[in-house]
Chemist: 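Questions regarding the structure given below will be posed in turn.
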Protein chains: 4
Amino acid sequence: MKTPNPARRSEQSRRAILTAAFDLVAETGYAKLTIEAIAARAGVGKQTIYRWWPSKGAVFVEAVLSMGGGEGQDLSLPDTGDLGADLRQVLRAIVDEYNDPRLEAMSRALNLELLQDPSMNTEITERVMGPHLEATKERLRSAQRAGQVAADADLDVAVELLYGPVYHRWMLRTAPLTHAYADTLVEFALGALRPA
Amino acid sequence: MKTPNPARRSEQSRRAILTAAFDLVAETGYAKLTIEAIAARAGVGKQTIYRWWPSKGAVFVEAVLSMGGGEGQDLSLPDTGDLGADLRQVLRAIVDEYNDPRLEAMSRALNLELLQDPSMNTEITERVMGPHLEATKERLRSAQRAGQVAADADLDVAVELLYGPVYHRWMLRTAPLTHAYADTLVEFALGALRPA
Amino acid sequence: MKTPNPARRSEQSRRAILTAAFDLVAETGYAKLTIEAIAARAGVGKQTIYRWWPSKGAVFVEAVLSMGGGEGQDLSLPDTGDLGADLRQVLRAIVDEYNDPRLEAMSRALNLELLQDPSMNTEITERVMGPHLEATKERLRSAQRAGQVAADADLDVAVELLYGPVYHRWMLRTAPLTHAYADTLVEFALGALRPA
Amino acid sequence: MKTPNPARRSEQSRRAILTAAFDLVAETGYAKLTIEAIAARAGVGKQTIYRWWPSKGAVFVEAVLSMGGGEGQDLSLPDTGDLGADLRQVLRAIVDEYNDPRLEAMSRALNLELLQDPSMNTEITERVMGPHLEATKERLRSAQRAGQVAADADLDVAVELLYGPVYHRWMLRTAPLTHAYADTLVEFALGALRPA
DNA sequence: AGATAACCGAGACGGTACGTCATGTCTTAAT
DNA sequence: ATTAAGACATGACGTACCGTCTCGGTTATCT
């Protein structure tokens with residue numbers, strides 16, 4: 001198994017493959033996504049996929065990254081001074097995303113890959129979810145400076161306090177994800193984080 | 001396709017299938033679990049599996065339920081009067097479970113199935129995870145009666161406040177799951193839930 | 001690799017495969033014969049072919065045997081008492097076969113398989129060509145009894161003296177295969193075999 | 001597709017390719033000979049092969065011609081005056097060649113190519129086998145002049161009478177190729193060819 | 001001497017077929 | 001009627017080569 005030379009790589013094929021993968025998931029679902037289908041749809045030989053990606057999961061993750069927004073955008077949270085309002089806005093947006101079937105399917109697929117292939121973990125966590133978590137942490141840091149959040153609060157945990165419950169409810173479908181739920185969560189979080 | 005008659009079902013085959021499925025996951029991982037492998041290991045015809053279960057996920061879930069503890073046991077939390085201590089004990093136990101490779105693999109498989117097959121959701125959520133959530137809710141209700149938790153707190157959300165973060169951290173592997181982390185979580189939760 | 005159980009074998013699939021293989025060679029030539037094409041044409045899974053035959057060559061040979069006349073027929077040469085006339089008739093018939101594009105293609109394929117796969121040799125030699133050689137030897141034996149052939153002549157070699165040259169000329173295409181050529185050959189052979 | 005300019009052809013690459021092809025057949029057999037393997041072994045780009053040869057068969061034939069003796073040598077048969085002795089010597093040598101695994105493999109490959117690719121026929125027949133046949137014909141012609149062979153005998157057929165049977169027996173493996181067999185063949189041939 | 005072609009090595013590309021694996025359906029014999 | 005056994009059509013897997021197609025890097029002529 002010799003390693004291919006990236007300099008000679010066909011950018012056209014690369015894009016065709018990512019587009020095909022992304023569209024196929026949107027159209028038929030991740031379960032029916034196959035390397036053969038991607039290759040056929042992209043008008044590409046299977047080997048071209050196997051040459052550059054280790055698994056269909058890797059193709060999909062890269063497709064999501066390069067299609068869905070990409071990495072160049074600004075993910076930072078609003079900072080109006082009203083921490084509660086700002087967090088409510090973000091959590092409501094997340095709830096909305098989970099309620100959008102299209103985005104929900106992508107999220108489902110991403111999490112599935114996370115579970116299936118540990119080697120994929122870093123890729124997904126750091127590049128897809130990480131930035132959002134980091135941005136939220138930044139907003140909390142700002143609030144900390146403003147004295148709205150306890151100075152000694154562990155902000156990594158604080159972020160999980162906000163997102164963990166939504167994630168839990170989404171994964172387990174224990175109850176519907178509503179704006180009211182988002183608001184309740186923010187209220188709880190503020191209670192937990194408030195300075196002594 | 002006629003529905004089979006459960007009265008004539010071979011209990012011996014049923015047990016052999018569940019045992020085989022459980023052991024195979026433990027030995028080779030859920031990814032390599034196949035109907036054919038289960039049938040071969042159990043010394044059973046493939047049809048016997050297809051006759052009684054809709055998918056390999058269903059076999060696995062039933063295997064986990066019947067092997068791993070089952071449903072007959074008492075899941076209720078300790079109630080020493082010290083809510084913080086009781087919750088810490090539970091969260092630490094959960095953290096320990098996630099750190100046990102054997103149990104972690106099972107949890108992984110269960111969540112994977114959850115993501116893959118929506119029809120499996122009720123089964124898994126209600127029978128595997130539900131009881132734990134319910135027991136925790138019960139303990140919180142007791143604390144509520146004791147005035148340690150705000151009377152108007154939404155206990156469903158309160159439970160998620162405890163488990164959501166651990167779950168989030170486990171799934172995303174953002175940071176190690178430690179007892180200290182469990183304790184921090186309990187502290188935050190108590191802050192969020194304390195009466196006004 | 002477990003050996004399959006011939007009792008459960010589908011006779012219908014077997015015939016469909018052999019027919020498909022035979023027809024495909026006739027239509028597109030042996031070079032383009034693939035297992036996939038046979039399976040597709042026969043409406044059969046590839047595995048069903050791999051289960052029962054070791055190679056496409058084996059399928060083809062069995063196809064030729066079961067289609068092209070089969071083994072049940074009488075291959076014995078005419079015995080009019082005039083050895084020369086009888087042999088001329090046979091050699092002319094062989095020359096005609098080699099000149100028939102359809103039969104020539106089959107012969108080509110058979111000989112190709114012979115060269116390619118030594119394990120196929122016995123099968124082809126004994127079941128396809130052997131009977132003809134044996135029948136010819138039988139006719140020569142009769143001539144030997146009639147005193148038309150030297151009593152001590154090695155009949156195996158005698159048979160090769162007749163067929164070897166035609167075969168050589170056909171394979172190497174050194175010159176056209178005509179009835180006159182067949183006659184010349186018989187004349188030479190009679191000269192070589194005549195009693196002292 | 002423009003025709004390349006032979007003047008600029010790299011002699012070094014040509015030799016490397018032929019050597020690689022020849023050695024690969026000797027080492028792994030003709031069946032496993034691929035253009036890619038030749039190119040890799042020769043340290044040559046695939047295109048260089050495709051530029052100068054129409055098929056791997058053509059490469060191989062040229063390799064055999066340029067490696068195995070070549071065309072410059074004297075193939076003429078001994079002419080001691082004793083036709084039988086001279087022919088026996090030649091046929092025994094041929095039998096020995098067929099019994100040498102190395103040479104046998106080459107012969108196998110050559111005949112396989114003959115069968116597979118009609119366009120290769122002239123090349124192989126005329127350049128590899130033709131000279132031997134012609135030399136033998138020349139020896140017979142000499143014998144004809146000496147009155148040891150019938151004046152009206154068709155010498156093309158006479159040559160086939162000698163080589164056809166050996167070839168037949170080799171291809172079909174109907175019986176072992178021995179010196180005794182070679183001698184018998186010569187005896188038969190002399191009987192067939194003797195003047196009336 | 002400098003330009004400019006051709007060939008060269010390397011190897012990526014779209015394809016086709018390979019031989020294997022698992023799916024879910026089916027048939028058979030036995031219990 | 002259920003079972004163990006396993007053949008079947010289907011479809012995807014990951015690999016091997018095919019023959020074509022760029023790429024830069026040498027030659028080797030031809031201005």
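Reminder, nothing fancy here: chain letters follow the sequence lines and each chain counts from 1.
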Chemist: Between Gly43(D) and Ser10(A), which has a closest nucleotide on DNA chain E that is more 5'?
Modeler: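 Nearer the 5' end of the strand: Gly43(D).
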
Chemist: Excluding sequence neighbours, so at least two apart, what forms side chain to side chain donor-acceptor pair (under 3.5 Å) with Gln116(A)?
Modeler: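 Gln116(A): no side chain to side chain donor-acceptor pair (under 3.5 Å) contacts found.
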
Chemist: Assuming nearest nucleotide by heavy-atom distance, tell me which of Ala42(A) and Glu11(D) is located more 5' along DNA chain E.
Modeler: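 Checking each residue's closest nucleotide, the 5'-ward one belongs to Glu11(D).
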
Chemist: Sequence neighbours excluded, which residues qualify as side chain to side chain donor-acceptor pair (under 3.5 Å) partners of Thr125(B)?
Modeler: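 Residues passing side chain to side chain donor-acceptor pair (under 3.5 Å) with Thr125(B): Asn121(B).
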
Chemist: By side chain to side chain contact (heavy atoms under 4.5 Å, CB included), which residues pair with Glu104(B), not counting sequence neighbours?
Modeler: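 In terms of side chain to side chain contact (heavy atoms under 4.5 Å, CB included), with neighbours along the sequence ignored, Glu104(B) is linked to Arg108(B), Trp170(B), Arg173(B).
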
Chemist: If the helix axis at each end comes from five base pairs, how far does the helix from dA1(E)-dT31(F) to dT31(E)-dA1(F) deviate from straight, to 10°?
Modeler: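 About 10°, once rounded to a multiple of 10°.
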
Chemist: Suppose we screen for side chain to side chain contact (heavy atoms under 4.5 Å, CB included). Which residues come up paired with Arg102(D), at least two apart in sequence or across chains?
Modeler: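 Arg102(D) satisfies side chain to side chain contact (heavy atoms under 4.5 Å, CB included) with Ala26(D), Asp100(D) once adjacent residues are dropped.
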
Chemist: The criterion is side chain to side chain contact (heavy atoms under 4.5 Å, CB included); which residues satisfy it with Val25(A), sequence neighbours excluded?
Modeler: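 Result, side chain to side chain contact (heavy atoms under 4.5 Å, CB included) vs Val25(A): Tyr30(A), Leu33(A), Phe60(A), Met106(A).
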
Chemist: Can you list the residues that meet the side chain to side chain contact (heavy atoms under 4.5 Å, CB included) rule with Thr28(B), with sequence neighbours excluded?
Modeler: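 With neighbours one apart ignored, the set is Lys32(B).
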
Chemist: Show your working on side chain to side chain contact (heavy atoms under 4.5 Å, CB included) between Glu62(C) and Glu123(C) and close with a plain yes or no.
Modeler: CA-CA 9 Å; Glu62(C) 187 170 336; Glu123(C) 192 73 3; over 6 Å; no

Chemist: So, does Thr48(D) get its side chain near the phosphate of dC7(E), meaning an N or O under 4.0 Å from OP1 or OP2?
Modeler: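 The answer is no; no side-chain N or O of Thr48(D) sits under 4.0 Å from OP1 or OP2.
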
Chemist: What is the distance from CD1 of Ile38(B) to C1' of dA5(F), rounded to the nearest Å?
Modeler: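 Rounded to whole Å, this separation is 17 Å.
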
Chemist: Would you name the heavy atoms of Met120(D) and Ser55(D) that are closest together and state the gap between them?
Modeler: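 Taking Met120(D) first and Ser55(D) second, the nearest heavy atoms are SD-OG, 4.3 Å.
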
Chemist: Atom CZ of Arg51(D) to atom P of dC18(F): distance rounded to whole Å?
Modeler: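 Checked: the CZ to P distance equals 17 Å.
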
Chemist: What is the distance, to the nearest angstrom, from the CG atom on Asn5(A) to the C1' atom on dT22(F)?
Modeler: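 In whole Å, dT22(F) C1' and Asn5(A) CG are 12 Å from each other.
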
Chemist: Just list the side-chain donor-acceptor pairs under 3.5 Å for residues 44-52 of chain B, sequence neighbours left out, or say none.
Modeler:
unit_1   : atom_1 : unit_2   : atom_2 : d
Lys46(B) : NZ     : Glu36(B) : OE2    : 2.9

Chemist: Atom CD of Gln12(C) and atom C1' of dA9(F): how far apart are they, to the nearest Å?
Modeler: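 So the two atoms are 12 Å apart, to the nearest Å.
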
Chemist: What donor-acceptor contacts under 3.5 angstrom involve side-chain atoms of residues 17-24 of chain C, with partners at least two apart or in another chain?
Modeler:
unit_1   : atom_1 : unit_2   : atom_2 : d
Thr19(C) : OG1    : Arg15(C) : O      : 2.8

Chemist: Sugar-phosphate atoms are those with a prime plus P, OP1 and OP2; base atoms are the rest. Using that split, label each nucleotide of nucleotides 25-30 of chain F B, S or - for protein heavy atoms under 4.0 Å, 5' to 3'.
Modeler: --BB--

Chemist: From CZ of Arg9(A) over to C1' of dC21(F), roughly how many Å is that when rounded to an integer?
Modeler: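 Atom-to-atom, Arg9(A) to dC21(F), this comes out as 18 Å.
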
Chemist: Looking at residues 16-27 of chain C, who's got a heavy atom less than 4.0 Å off DNA chain E?
Modeler: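 Nothing qualifies; none.
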
Chemist: Measure CZ/Arg41(A) against C1'/dG15(E) and give the value in whole Å, please.
Modeler: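 Spelled out: CZ on Arg41(A) to C1' on dG15(E) is 20 Å.
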
Chemist: Is a donor on one side and an acceptor on the other found under 3.5 Å between the side chain of Asn111(B) and the backbone of Ser107(B)?
Modeler: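 Pair found, side chain donor or acceptor close to backbone of Ser107(B).
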
Chemist: Pull out every protein N or O sitting under 3.5 Å from an N or O of nucleotides 16-19 of chain E, one pair per line with the distance.
Modeler:
unit_1  : atom_1 : unit_2   : atom_2 : d
dC18(E) : OP1    : Ile35(C) : N      : 2.9
dC18(E) : OP2    : Ile35(C) : N      : 3.3
dC18(E) : OP2    : Glu36(C) : N      : 2.9
dG19(E) : OP2    : Tyr50(C) : OH     : 2.5
dG19(E) : O5'    : Tyr50(C) : OH     : 3.4
dG19(E) : N7     : Lys46(C) : NZ     : 2.9
dG19(E) : O6     : Lys46(C) : NZ     : 2.7

Chemist: Give a yes/no on whether any side-chain N or O of Trp52(B) is located under 4.0 angstrom from OP1 or OP2 of dT3(F).
Modeler: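 Result: yes.
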
